[in-house]
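This report concerns only the one structure given below.
Order of the sequence lines fixes the chain letters, A, B, ..., with proteins taken first and strands second; residue numbering starts at 1 for each chain.
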Amino acid sequence: MNKTAWKRLTKRTEFYIFIVLIALIAGIQIVSGGQLLEPTTLVTILRGMVVDGMFALICLIVMISGGFDLSFPAISAFAYSAATTICVNQGWCETNPLAGFLLAILFGAILGAFNGWIIANFKLNTMIVTLGTQTFFTGLTMGLFQMKEITSTLPASFRALGESYFFEVYNSQGQRSTLTTSIVFLIIMIAVTSFVLRKTMFGRALYAIGGNEVSAERAGYNVKRIKFILYVAVGALAGFIGMVRVCLARQSIPKAMVGKEMAIIPAVILGGASIFGGEGSVFGTICAIGLITVVSNSMLLVGIDSYWQNFFNGLVILIGITISAVQAKRQRR
Amino acid sequence: MKFKNFANKNQYTVMLLVMLAAVLVFFSITRGSLLWTGDAWYGMAMQFPEYGLMTLGVMFCFITGNIDMSFVALGNFATIFAVRYMAANAAEGASDGHVRAVIVTGILITLLICLIGGFINGVLVTKLGIPPVMATIAMQLVWQGLSTALTQGNTVTGLPAMYTEIGHSKMFGFLPFPLFIFIIAFILCALIVRYTVYGEMIYMIGTNVKAVRYSGINTDRVVILTFVITALVSGVGSLIMVSTMASAKADYGSSYVMRVILILVLAGILPDGGMGKIPDLLLALVIIQIIASGVNMFASLNTYYASLIWGALLLIVLIASTKLSGGIFKIRDDKKKKQVSSQ
Amino acid sequence: GSSGTASSSSAASSEAKATSETASVSAASAVEAAAEEKKAETGDTPTIAFVPKVMGQAWWDYVQKGVEEWSKDTGYDVIYKGPTEIDAAAQVQIMTDLVNQGVDILCFSPNDPDACEAICKQARDKGIIVISTEASGMENIDYDVEAFDEAGMGGFLMDQLASSMGEEGQYITMVGSMTMESQNNWADAAVARQEEKYPNMELVPDKRVADDSDAEKAYELTKQLLQKYPDLKGILGTGSFDAPGAARAIQELGLQGKVFVISVAMPSEVKDYLADGTLQSVGLWDPAISAKVMLNAGVDMFNGEKIEDGMDLQEKGYEAVKLNDKVIVGDGAIAITNDNVDDFGF
Amino acid sequence: MSEYLLEMSGICKAFSGVQALDHVNFHIRPGKVMCLAGENGCGKSTLVKIISGVYVRDQGDVFFQGQKLDRITPAEATRLGIQVIYQDLSIFPNLTVRENLAINSEITDRRRIVNRKRWTKTAEEALSRIGYQIDLDVKMGELSVADKQLVAICRALLFNARLIIMDEPTTALTKREVDALFRTVRKLKEEGIAIMFISHKVEEIFEISDDVCIMRNGKNVFEGPTADLTRDDFSYYMTGRRIQPDPFVPEHIQEKPVLEVEKLCADPYYHDISFQLRKGEILGITGLLGSGRTELAMSLFGLIRPDSGKILLNGQPVSIKSPEKAKELRIGYVPEDRLTEGLCMRQPIADNIMLASLDKVSRRGILNHRKLFSEACRWVKTFSIATDDPHKYAQTLSGGNQQKIVLSKWMNNNLDILILNGPTVGVDIGAKQDIHHLVHGLAHKGLAVIIISDDISEVVTNCSRVIVMKEGMIVGEMKSEEITDQRITEIIH
Ligand SMILES: Nc1ncnc2c1ncn2[C@@H]1O[C@H](COP(=O)(O)OP(=O)(O)OP(=O)(O)O)[C@@H](O)[C@H]1O
Ligand SMILES: Nc1ncnc2c1ncn2[C@@H]1O[C@H](COP(=O)(O)OP(=O)(O)OP(=O)(O)O)[C@@H](O)[C@H]1O
Ligand SMILES: [Mg+2]
Ligand SMILES: [Mg+2]
């Protein structure tokens, strides 16, 4: 590697998050006596990353465009609750989950369009709009439509999808664990998001708008339309991801998404996205989600008392973000 | 004529007044007999001071262009200590004077811990340059984690009766004590914001931190002080919460974080900084509380209808405000440019 | 003022428009309000409020159904209102509203009993009848209704677990969150029972884990626990999300018959695991019946009757209740197994 | 076909009551440079935005190559070959140079998929037009203003442009870069491309333009060949008053230096800087962008910590750790960029003026609003800041007046030393004159002033002593008589 490339690399937040992640894995591996890198633990961690990872990616694309979405958990909750409710009532999806997914995507897209309409049309601060729509959508889900938890009556195909796996692994004690098929959703989403962000003009438009919205307009982008499409897509994806979660957890709980944004957004920022827009990468985001999932999945292995887990969670985020902040500050000099 | 002038200058306030009137008319018509009772208003007056104080505290943060998500967790952490202390030292049968001294010490302990917590937030944001959302979300986890660890998740009880009684007493025979405290704090904060150099500086800092720094003002100190004030004022809210609940716990008031932000935004006090007026805050608070209590007057509406109405109201205000001159909720280009260039 | 909605100011109606149904709902409830007023005047029909821990969870939806049923049977209206999040502060606020509306009977299940003392005191000072559940230690209540006695639930769960485990081996406790009062109390009681009765069982050093009331987290935790403690044989949960999550992990790990789980759970959520043998049994009481008993007790008191030891509160398991000071204890604990899982409507 | 490329007549545009343009007539010939001049806020940028389709005109006709245009949209303007380099450059700081250069044509060609090779080709083609070289992988935000400007120019050239409009392209450029730009402009002229050029720098206008259009208060007051104008007339048309050159004559420079800098170093910005400053004098510091002059000033104001060396104030060694400390030591600083460093745009003019001296209008932390306002009004009057109400936001002022606010901010502070960094960047000649007068007055009253500027004529007329910096070192120093344009230019290059 030549020198300038190296220098450029060391300037990126992603680089540091990656190093922290590796160091952390090594550290936990040692402290836990080699339990972290057991295949069974690894597949569990991967499984844990599926939903959060995908959520983080939609958060990332919004943040790249200079937005801030607080409403995606509320959209997701509405979409999957409505979709599963309809499926259960109609007796759909006993053998094929497609209809459920399509419904969730449709509902997500509709609510996303509502976001997009307000944001694009009135040029309002996105964080504030989505704070309003988050509250409003939650009111819709739980108040107006009073959606219920669906557990044992969940359509069989959802269950089957959640239970399906690629392969089995065994740990040294002979315990079995499986790698869920849903991991492909994450992989596809990583691939598609990277491709869109790096290789399509739509993705570049998001970076451009996040970097300088006025310039993007002058350069000829239809900023209004792009933003609208963005929020519709994010809504649709939120619905889809919610459905994946329903399948994995084998239950549809309308309240399960409450506060999710407060877990996801810090991870995305930790992964190098800028709250002012225009910065951020899929790699960094996935590293950060990996970091957080590894931490939350290895607290027990490392022997941290359950009562102290929240504290250590906070501490890890704080340390991670301090490293990247201090490094950024040093560079500014 | 005079009104017209006022209305022109304070379009946003007028809009909130209209909202308030609309909400009142709506509930008067549908639930007049329940709304217009002394008890109903007394109930509301008992409820909003605790999160009202938190809102008041976080307002300072918002004005400087920062955000605080840790205040509830910090308040709980602090009051856990205070309640433990009070429980341990004000034994049954102790003299009134002694109990009074213990209570005062307990309050001071709370405020001291809040002060430290606010200071840590401020240092993380100014000296380490961590974005405030991140720093305070992390600190929220830290405080809540510490509280859970220290109490093993249990409720801390044993407050001297005197303390809880104060919380439920009435000043001058009619004014609920929490409301009294809120009014005092509100007036104090309004005076600070309007009539002190500090108040002037936070608005300027919220608009452009760099310009203020380049005017020879130690902005880091002002911002740290702001986080401390936020923590202190919202700490008073926590103290009131503790007295209504007669106990302290790691997760009390966890639903207040989002509510406080919602109220501030509705009041036009945005985390972008440099904006908003304190009377609007009062209006927004009252609107939010009336909706919450109003929804509770309908036997058949579940509580989520309050969310529904809050969200709808905020969106209506947002969209309506684009028609006003100024357009406070618009994307702030200047703000963004500033941030980018200062990075 | 039922015609009022149409003539209210434009802003108010635009609000109503935002949620098209609000308007019709409010028109309907305007009629209700008038009805309520009339009742309050005559004085012989109580206004009753029931405050659950939280709205929008299956458990409490089921309770709500029970309350509505009761309401239909008795003809008394019940205001069913709880916080949107599991937050004691928000719950106290709702109780404050209800107390100040002047209800006659207040039934509730506190997120945190201590937090509710003050508002309950106020309520009782106003002459409101206050009935709680899952709060046997409370002071400012008229009565507390329990399906079993406080330590009983923990002991009950431990007995079940011990018999599955053959009264020996390592076990751990699991709760919804470290701050949930009743769940933690049950877990404590369970541990106490083990120490007293099952010397061959051993609580592992981690003692207790919390799954944030999320079956997915319970699933992950179980996997970690089994990784860390290969000899772990039992998980004693007290939250309703513990068993479904843990069972799923056990199933996946292929440890059926080697690792055992017991917890409080909704029958519908664990049905499949009971059927395939991953779970042997779960513990439960019927919360809807408890709720009805609370309402019955409240109405009885309102009508001037006295609550006495051994009296019949007109529900299954409460035909002859025990009265320990203020605590009405029924015989409501049930073990749900594959055989009786379908007998429950929830 | 008309001899004009672009012809505009009777253009009007009003913004909520403000008549920004009032029957403006305007012509550009192909292959010529037309200069648009006028005071801050006279409507130049507005006119540009009408041509480029950002704003819609209220009235008037536009002909392009003899064809009447009814409604201009930005896309239409691009298609016609009109390219604008905006005052704020319209670049994307978070993207690489390559992408910045390629983005416009990618959008125009309705590309969907990124093709790095094509980007590189486009970018290289753009750069080659003016023979400018730069690493394509650098992020735009990391470039100096001058480089950004050149990239923006290159980008504009890509589109077979027939008319290139540059809104104050030289504000941030140093002499050498301006020369390079002008070479480019001449080359473009030869290719038959018309250039519309907006600038506040008289010298440049006379150097490059063929025609001039001068505007005042939204009306054009002169249109014709540059050759027909003298510099005096030019400034008269612009400001409506005769502006006399007024060089600074120091009155009584104190013997003892108030500030001594000894061997000051701050890696990597500057090295081994030593100089002295006396009360009553105006010291100019000039040099190319990146020569370390801004960083030196920042060190004197406590914004950058020097690594070694000494700073002495009145003979006492001091350590200036923060701007707060600097203010305490009676040092004031007017920063380079008034938008991001100087002003709180969305706060009232009055509050901005008093920002550095809140202690003068308060007692024990309690602010005296009435006093604040009356003090501010005094400065509004003294500095003739053009506003009807100091309660209005600073945003509502034009550049020159905004600069006056930043300056007046320090006036209440009883300073010993005032450091002005680019005090008249983007300020029209009228306001520039005002500002220079004010600074002279301050020096006469016994203040020690440092002016940092790359406007050499500004340094020449206003300074009694000049230091020239290059690559972080002092490479020349000259006293009043020796200071000439030529000598400075020689030393710099
Ligand atoms: N968006 C706007 N809204 C309201 N008024 C505006 C707007 N843009 C410009 N104006 C008004 O139009 C007038 C002309 O502005 P313009 O930007 O064209 O000036 P300018 O000649 O480019 O000034 P400068 O030399 O400072 O760049 C100003 O006095 C201003 O008050
Ligand atoms: N939103 C606005 N409301 C009122 N006036 C405005 C607004 N935006 C711009 N202006 C006016 O436009 C004029 C010129 O603005 P512009 O941004 O073109 O130049 P500038 O930055 O003020 O000066 P310069 O470019 O010379 O530094 C100013 O007089 C300002 O008053
Ligand atoms: Mg300008
Ligand atoms: Mg301009």
Check the pair K223(C), T40(A) against side-chain contact (heavy atoms from CB on, under 4.5 Å), reporting the backbone distance first and the verdict last. CA-CA 8 Å; K223(C) 281 185 141 186; T40(A) 42; over 6 Å; no
Apply the test side-chain contact (heavy atoms from CB on, under 4.5 Å) to residues Q175(A) and L255(C): give CA-CA distance (whole Å), side-chain angles for both, the deciding distance (0.1 Å), then the verdict. CA-CA 8 Å; Q175(A) 291 167 351; L255(C) 293 173; 4.0 Å; yes
Apply the test side-chain contact (heavy atoms from CB on, under 4.5 Å) to residues E252(C) and Y165(A): give CA-CA distance (whole Å), side-chain angles for both, the deciding distance (0.1 Å), then the verdict. CA-CA 10 Å; E252(C) 194 182 304; Y165(A) 58 84; over 6 Å; no
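Under the 4.0 Å criterion applied to side-chain N and carboxylate O atoms, D52(A) and K217(C) are not assigned as salt-bridge partners.
Residue contact with chain C, scored on non-hydrogen atoms closer than 4.5 Å, involves the backbone of S298(A) exclusively. Looking at V270(C), neither its backbone nor its side chain comes within 4.5 Å of chain A, counting heavy atoms on both sides. With a threshold of 4.5 angstrom between heavy atoms, S296(A) approaches chain C through N, CA, C or O but not through any side-chain atom. For a residue to count as touching a neighbouring chain, one of its non-hydrogen atoms must lie under 4.5 Å from one of that chain's; by this rule A249(A) touches chain C with backbone and side chain alike. With a threshold of 4.5 angstrom between heavy atoms, Y62(C) does not approach chain A through any atom at all.
Put simply, the side chain of S306(A) gets close to the backbone of R208(C): a donor and an acceptor are under 3.5 Å apart. Between the side chain of K255(A) and the backbone N or O of T84(C) there is at least one donor-acceptor pair closer than 3.5 Å.
Of the listed residues (Q251(C), M55(C), M178(C)), the one with the most heavy-atom contacts under 4.5 Å to chain A is M178(C). Ranked by heavy-atom pairs under 4.5 Å with chain C, the first of R245(A), Q309(A), M299(A) is R245(A). For chain A, the option among E269(C), R248(C), K207(C), K271(C) with the highest count of heavy-atom pairs below 4.5 Å is R248(C). Considering only heavy-atom pairs separated by less than 4.5 Å from chain C, the leading option among L301(A), N297(A), D305(A), V51(A) is N297(A). Counting heavy-atom pairs closer than 4.5 Å to chain C, the top-ranked of the candidates R250(A), E38(A), M142(A) is R250(A). In terms of non-hydrogen atom pairs under 4.5 Å with chain C, the most contact-rich of T153(A), T41(A), T138(A) is T41(A).
Residues N171(A) and Q227(C) have side chains in contact (heavy-atom distance under 4.5 Å, counting atoms from C-beta outward). Between E149(A) and M266(C), the closest side-chain pair of non-hydrogen atoms is not below 4.5 Å. For the pair D272(C)/R159(A), a side-chain contact is recorded, criterion being any heavy-atom separation below 4.5 Å from C-beta on.
Here the shortest heavy-atom pairing between L300(A) and Q224(C) reads CB-OE1, 3.6 Å. In plain terms, the two heavy atoms of S268(C) and S152(A) that are nearest each other are O-CB, 2.5 Å. The minimum heavy-atom distance between A215(C) and Q251(A), with the atom names listed, is CB-OE1, 3.4 Å. Listed here is the closest heavy atom pair of D61(C) and K148(A): OD2-CD, 2.9 Å. Listed here is the closest heavy atom pair of D206(C) and I304(A): OD1-O, 4.1 Å.
Both tests pass for R47(A) against the ring of Y219(C): distance under 6.0 Å to the centre and angle within 45° of the axis.
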